[in-house]
Peer 1: 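Take a look at this one; I'll ask things after.
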Amino acid sequence: MKGGRKMKRPELKDLTLREKIGQMLLPYQYNVYINKEGGDMDFLNTNEDPKYLRTDEEVREYIQKENFGSYYFEQTEITKMQTIDLTDTRKGKLTSKEHREFLRKQDSFGKIPAFMAGDIEAEGAGNLFSDLSIVCRPPCVGAANSEELAYQLAKQVAKEARCIGANWRWAPVIDIGGRYSGTVLRSTTPDDPDRMIKLALAHIRGSQDEGVAATAKHFPGSGFKGNYRDSHFCPNANPLSLEEWWEGPGKVFQGVIDGGVYSVMISHQAFPAVDDSKLKGRYRPCTVSKKVVTDLLKGEMGFSGVVVTDGIPMAALLGAYDNYSDLVIDLVNAGNDVLLGVYKSAGDIIEKAVKEGKIKEERIDDACMRIFDMKEKIGLFEDGYWDKPYNPEEIVPETKRINKLIAERAITLICDNQKLLPLDAGKIKNVTVVCSTHQNTFYDKLKVMINALEERGMNVNIQRRISSNKEMEQIAEKSDLIIYAAYVSMHQPKGFMTLYEEECETFLYAFSKGGEKSIGVSFGYPHLHFEIMGNSDTFINAYGTAPELMESFVEAIFGEIPIVGESTVELYPDHVIKRIK
Amino acid sequence: MDKEIKRKLEMKKPELKDLTLREKIGQMLLVSQNDIYYEDDKLITENEVGELLQKENYGAYFFEETDAFVEKYGKSELAEYRKFTEKQSSYGKIPPFWVYDGEKGLGKTFKELSEVCTHLAVGATGSEKLAEELGESVAKEARIFGASLQLGPVLDMCHRFDAYYMRSFAPDNSDDLIKISKAYIKGVQKAGVAACVKHFPGQDRFDYRDSHISPKVISTEFDEWEKEQGRVFKETIDSGVNCVMVGHISFPAVDDSALKGKFRPASVSKKIVTDLLKNKMGFSGVVITDKLNVAGITSRYSNYDDMLIDLVNAGNDILSYVDKSAGDIIEKAVKAGKIDESRIDDACTRILNLKEKIGLFDSFPNVNYTLEDTLKETKKINRKIAEKAITLVCDTQNLIPVDETKIKNVTIVCSTHTEEFTEKLEYMKQLLEKRGIKAKIKRKIADPGEMEMVAQESDLIIYAAYVFTNSPRGHMSFYGDECETFHYAFSNGQKKSIGLSMGYPYLHYDIMGNGETFVNAYGDCPALMEAFINCIFGDSQVVGRTPVKIVPDQIWY
């Protein structure tokens, strides 16, 4: 491919209704490349029969018919046309460059340049592409508490996003509260809205300065700590009053809107303080609430950028509708500009609805203008947009440098009642690392920690679980140091963020022998110490699995760097804290 | 019965002065059957067992199908079990307690015995009469085989994430909990079996951690505790419950001393066991510890001896799941003056008094009823409980009662982390088939295509879900693949779908909220399945009242 089309920003009057509608649609790659229209929810099948694969020519025809305004690049491993479930992170088979060329070709099929969008939210693109970086998660940035580093990291991640052809990220997450939800690992400082605004603004600037649109999500933000129900599986509602909301989540969203974030993503959670109407007996999800999207966000808060829905195929939204057409029409009328994860013929449905007067054409024009504005801002209409070189080999080392600076500041000491730290490396010969996780990729990532220990002359054993008192005794006998390394994160496993079954059973025995030479460390969910690993007298939160965090953890326990991270979350639930802190 | 064994079992109640120190200490110990019968993973000979038990004189044993029993007699040979308990009892000088859990009956241990409704289901009936009858009937079954002490009922009032939440009759309503627990205890003790309330001093409404794993606390002030959780213990003690089990939770309002930098667990707190429970609350029965082989307590001690000494000095009378070395350790500690012999005498007196009270002396427990009659009785009571327990959480679409004549094909979608539940659902399938309905069980819904197919081929979809204490271990919820079913569930065929939780009553709120018709059944025993099917087809009324708040008013924590 060369050149790409040279496309100036189109005038609305030069576009057909259908072309304008297409700008609002964001299909999964699956739906672009597989020609199979199934039931209402036929959107994400893996290992699809190759006979349904569209040829290049068919893809071109399909795109030219639909004129999609954006694509969700993360969902497909193109070589095999399989969907990638980001909750099960795995390295893509493609290099970033091959992926970029693939998207460039896909983009060339359409009339108007498209957004190439995806989350790249928590740990960067390195979990998908082995030539890119796994970076520190937002809470590391929160713990490091430096706007400059937040800016630099976002800039690097944006550059790496450009390497794979992406130009719209659904980040940063600026939800607050949510002790039991993924928020604690997706937001910088879930319990400190003011610090979050500053860090989010730095992040947004970093990203947008590199031509990657940032997205504040998930409007209107949860903002309450008891939140744990997952919209993927279950309808749920935000219980805050409007006053409470303005003091917390409202303030944060207003802050980033005023600071110039290009887009905002809407949650499927209901917000009865603003819209207490019901659908099928339950509060209306925000994504289909005009009061929330149009009146509050676009009106009262003055947001003039692009409003994108959260992924449509989630139980909290789909459970509220018997009919897909009604759902699509409500999404448009509520005021959403981009519909994420449309399937079936959303374009046909909207076109018909406009012609029948169920949707006003001004609504389509409003969406289209906002989309074009954002495309213009990130340079999609500029000549030779795709020709600008992005070379991972030049970008990744700088990412690593910034990442290390953050990692060093992020390592947080939760407790060291037994004054075990710093350890004297000279006295430690045998180390056992007990790995607790439901995510096998974490086991592989621990190699970085193991290498770092071996470099310091230690013999390292890695132990997957402890299943009896006897096993515990053996470990305690043979080890000079036991590191309990645990990892739990949003959807890893799906469900409550915790260790369950045999992974939980390790802690029936853990720390009971050799507790005086044991360190617990969570590379994910920061409440593991409180919830499951409380018998550990020396405990560290590292908030992420990036290699630099593992290196910094090892440096920190041997006193090579000071431990300076400040906890980004309140470690104990309020009611319990009163008595036991 | 073997005459020799029979003769040996005719034990008289001894005077304390006639017992050696070591014999008295033995009364305080409860060792696992596997620890008794195995040495380095090898079964020891019957002679060696005899020698060990003569030396140790253990005061209590676990009544359960153990590896040792299976290896000797084959799986679940219930007929042999009484002989087994008799023989093992005959080695010591004092008749032992045979201890069992019994929360869901003994059907899990011995297939011939009854599996009954959970305590929460009993709570949903609100009936003291049924609770008493169930307690009595299950205890009668156990007593036939020599069992004499039920480690129940659970009185814990806890946070709803807590794994203990499913285990008491009404985990967040102290009035109902007291009423039903008292009736149940009365039933158990009427059958000649000692009851044991647990886990003193209770649980916390805010701290949701598992005390087997984490250093958990009761975070309330003492007067708050006295009004709710404390009152439940106080009233059951006053009503005459025989035993109290002490847990490893900390209760800083009573004892804020530290142990390894954290609050001292109740089980090693003299202030809690002796001062509060035995003195202030006037409990004169037997105090039993919760399991001692878990990190919740072992991680607080670098030295096993210290832990045992603290446990005895705190005021516990029976230490459960101790190592075989415990007798030697405690004897040594008494001789070294680290434990006062009067503490051992106190424990021993309490234990011997209870043994006398429930008739363990003079002969091994005999009964004047048959197993067959008792099983029938349990079945009858259990069925009544099941009928009254089924609770309608919501039916916004007015689906119930379902017109049976219009239903030809039913799909039961099964969600659980416990494969045994899938097998149990076969019974529900049979119940439907008896009505001439074709039924099939679908283990998971993995994608929208499957969902659509289920909706197309079924006139009725039942989403049967099962999550329970320690099933899976951890927070009571669905994880991984089991969650994914609810990505798609109810999205197709909503109007012919019924959600059913056969365990955790919050599944509707937590994860299955798209279910517009939803039933809580609190347990997975066959009687509850029957009652559920009868209810949805309108053969019986849905009358259960929820024993928990369906929507938490405290969604903060």
Side-chain angles (χ1 to χ4, degrees), chain A residues 38-45 224-230 232-236 239 280-282 313-315 318-319 322 415 417-418 438 469 493-496 498-505 507-513 515-516 530-535 537 573-576 578-580, chain B residues 161 204-210 212-217 219-220 252-253 260-263 293-296 298-300 302 394 396 417 447-449 451-452 472-475 477-484 486-492 494 509-514 516 552 554-557:
Chain A
D40 262 9
M41 291 200 24
D42 197 358
F43 60 99
L44 268 182
N45 281 331
F224 66 106
K225 290 188 181 172
N227 182 28
Y228 64 89
R229 290 187 293 172
D230 183 338
H232 288 87
F233 312 117
C234 188
N236 55 98
K280 283 173 111 181
R282 288 181 292 273
M314 290 195 202
L318 295 181
D322 293 326
C415 63
N417 305 333
Q418 52 190 1
H438 290 280
N469 280 317
K494 284 186 180 164
F496 234 106
T498 189
L499 295 165
Y500 67 99
E501 290 289 61
E502 66 272 24
E503 295 303 338
C504 180
E505 278 168 22
F507 298 98
L508 280 176
Y509 314 103
F511 307 106
S512 64
K513 291 278 177 335
E516 69 289 349
F530 176 77
E531 293 187 352
I532 287 187
M533 298 170 77
N535 282 320
D537 285 326
D574 290 345
H575 286 93
V576 181
K578 273 189 229 152
R579 284 215 63 83
I580 63 169
Chain B
F161 292 171
D204 190 58
R205 301 297 300 279
F206 304 112
D207 190 342
Y208 51 86
R209 296 174 291 176
D210 180 348
H212 292 99
I213 288 174
S214 302
K216 184 173 182 172
V217 297
S219 62
T220 45
K260 263 199 169 175
K262 299 179 196 77
F263 290 120
N293 57 351
V294 291
T298 53
S299 67
R300 300 304 189 83
S302 347
C394 62
T396 46
H417 287 279
D447 59 55
M451 177 73 252
E452 198 175 345
R473 191 179 274 282
H475 277 303
S477 187
F478 287 123
Y479 298 96
D481 291 356
E482 294 302 335
C483 266
E484 283 186 13
F486 301 101
H487 225 127
Y488 317 109
F490 304 106
S491 67
N492 229 318
Q494 165 81 273
Y509 178 83
D510 284 359
I511 223 162
M512 297 170 77
N514 276 326
E516 292 191 21
Q554 282 256 9
I555 46 179
W556 270 219
Y557 289 104

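This structure is a prediction, so every number in the text was calculated from the model and none was measured.
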Peer 1: Which atoms of B:Asp481 are under 4.5 Å from chain A, going by heavy atoms: the side chain, the backbone, both sets, or neither?
Peer 2: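 Neither part.
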Peer 1: Counting heavy-atom pairs under 4.5 Å with chain A, which one of B:Pro472, B:Ala489, B:Gly261, B:Ser302 comes out on top?
Peer 2: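 When all of B:Pro472, B:Ala489, B:Gly261, B:Ser302 are compared, B:Pro472 has the most.
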Peer 1: Run B:Asp207 and A:Phe530 through side chain to side chain contact (heavy atoms under 4.5 Å, CB included) and show every step you take.
Peer 2: CA-CA 10 Å; B:Asp207 190 342; A:Phe530 176 77; 3.9 Å; yes
Peer 1: Would you say that B:Asn514 contacts A:Arg282 through its side chain, given a criterion of any heavy-atom pair below 4.5 Å between the two side chains?
Peer 2: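 SC-SC contact between B:Asn514 and A:Arg282 confirmed.
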Peer 1: Answer whether the closest heavy-atom distance between the side chains of A:Lys494 and B:Phe478 falls below 4.5 Å.
Peer 2: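 Contact flag for A:Lys494/B:Phe478 side chains = no.
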Peer 1: Looking at chain A, which one of B:Ala295, B:Ser214, B:Gly480 has the largest number of heavy-atom pairs inside 4.5 Å, strictly under?
Peer 2: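 Heavy-atom pairs under 4.5 Å are most numerous for B:Ala295.
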Peer 1: Can you see which heavy atom on A:Ala315 is nearest to which on B:His487, and at what distance?
Peer 2: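 The answer is CB-O, 4.0 Å.
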Peer 1: What part of B:Ser477 lies closer than 4.5 angstrom to a heavy atom of chain A: side chain, backbone, both or neither?
Peer 2: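 Answer is side chain: those atoms of B:Ser477 sit under 4.5 Å from chain A.
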Peer 1: Using non-hydrogen atoms only, which part of A:Leu508 is less than 4.5 Å away from chain B: side chain, backbone, both, or neither?
Peer 2: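 Both backbone and side chain of A:Leu508 come within 4.5 Å of chain B.
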Peer 1: Apply ring pair (Phe, Tyr, Trp, His ring centres under 6.0 Å) to B:Phe490 and list each qualifying residue two or more places apart in sequence or on a separate chain.
Peer 2: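 Result, ring pair (Phe, Tyr, Trp, His ring centres under 6.0 Å) vs B:Phe490: B:Tyr463.
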Peer 1: Tell me which one of A:Glu501, A:Glu502, A:Glu505 satisfies salt bridge (charged side-chain N to carboxylate O under 4.0 Å, His left out) with B:Arg473.
Peer 2: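 Only match with B:Arg473 under salt bridge (charged side-chain N to carboxylate O under 4.0 Å, His left out): A:Glu505.
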Peer 1: Please classify the contact of A:Lys513 with chain B as side chain, backbone, both or neither, using a heavy-atom distance under 4.5 Å.
Peer 2: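 Neither; nothing under 4.5 Å.
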Peer 1: To the nearest 0.5 Å, how far apart are CD1 in B:Ile511 and CG in A:Asp230?
Peer 2: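 It is 8.0 Å, given to the nearest 0.5 Å.
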Peer 1: Could you look at B:Met512 and say if it's the side chain, the backbone, both or neither that has a heavy atom under 4.5 Å from chain A?
Peer 2: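 The answer is the backbone of B:Met512.
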Peer 1: Where is the tightest heavy-atom contact between B:Tyr509 and A:Arg229, given as atom of each residue plus distance?
Peer 2: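 Scanning both residues completely, I find the closest heavy atoms to be O-CD, 2.8 Å.
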Peer 1: Could you look at B:Lys260 and say if it's the side chain, the backbone, both or neither that has a heavy atom under 4.5 Å from chain A?
Peer 2: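 B:Lys260 touches chain A through backbone and side-chain heavy atoms alike.
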Peer 1: Less than 4.5 Å apart, any side-chain heavy atom of A:Tyr500 and any of B:His475?
Peer 2: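 When only atoms from C-beta onward are counted, B:His475 and A:Tyr500 do not touch, as no gap falls below 4.5 Å.
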Peer 1: Is any side-chain heavy atom of B:Phe161 closer than 4.5 Å to a side-chain heavy atom of A:Tyr228?
Peer 2: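 Yes - at least one pair of side-chain heavy atoms lies under 4.5 Å apart.
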Peer 1: Check whether any side-chain heavy atom of A:Asp537 sits under 4.5 Å from a side-chain heavy atom of B:Lys262, and report yes or no.
Peer 2: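 Touching, per the 4.5 Å side-chain cut-off.
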Peer 1: With a 4.5 Å heavy-atom cut-off, do A:Phe511 and B:Ile213 have their side chains touching?
Peer 2: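 Answer no - side chains too far apart.
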Peer 1: Can you give me the closest heavy-atom contact between B:Gly513 and A:Cys234, atom names plus distance?
Peer 2: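 Residues B:Gly513 and A:Cys234, closest heavy atoms: N-SG, 3.6 Å.
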Peer 1: I'd like to know which of A:Ser512, A:Gly281, A:Gly319 tops the heavy-atom pair count under 4.5 Å against chain B.
Peer 2: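 The residue among A:Ser512, A:Gly281, A:Gly319 with the greatest pair count is A:Ser512.
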Peer 1: Which region of A:Asn535, side chain (C-beta onward) or backbone (N, CA, C, O), has a non-hydrogen atom less than 4.5 Å from a non-hydrogen atom of chain B, or is it both or neither?
Peer 2: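 Contact with chain B: backbone and side chain both.
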Peer 1: Specify which of B:Met451, B:Lys216, B:His417, B:Glu516 makes the most heavy-atom pairs with chain A at under 4.5 Å.
Peer 2: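 Among the listed options, the one with the most contacts to chain A is B:Glu516.
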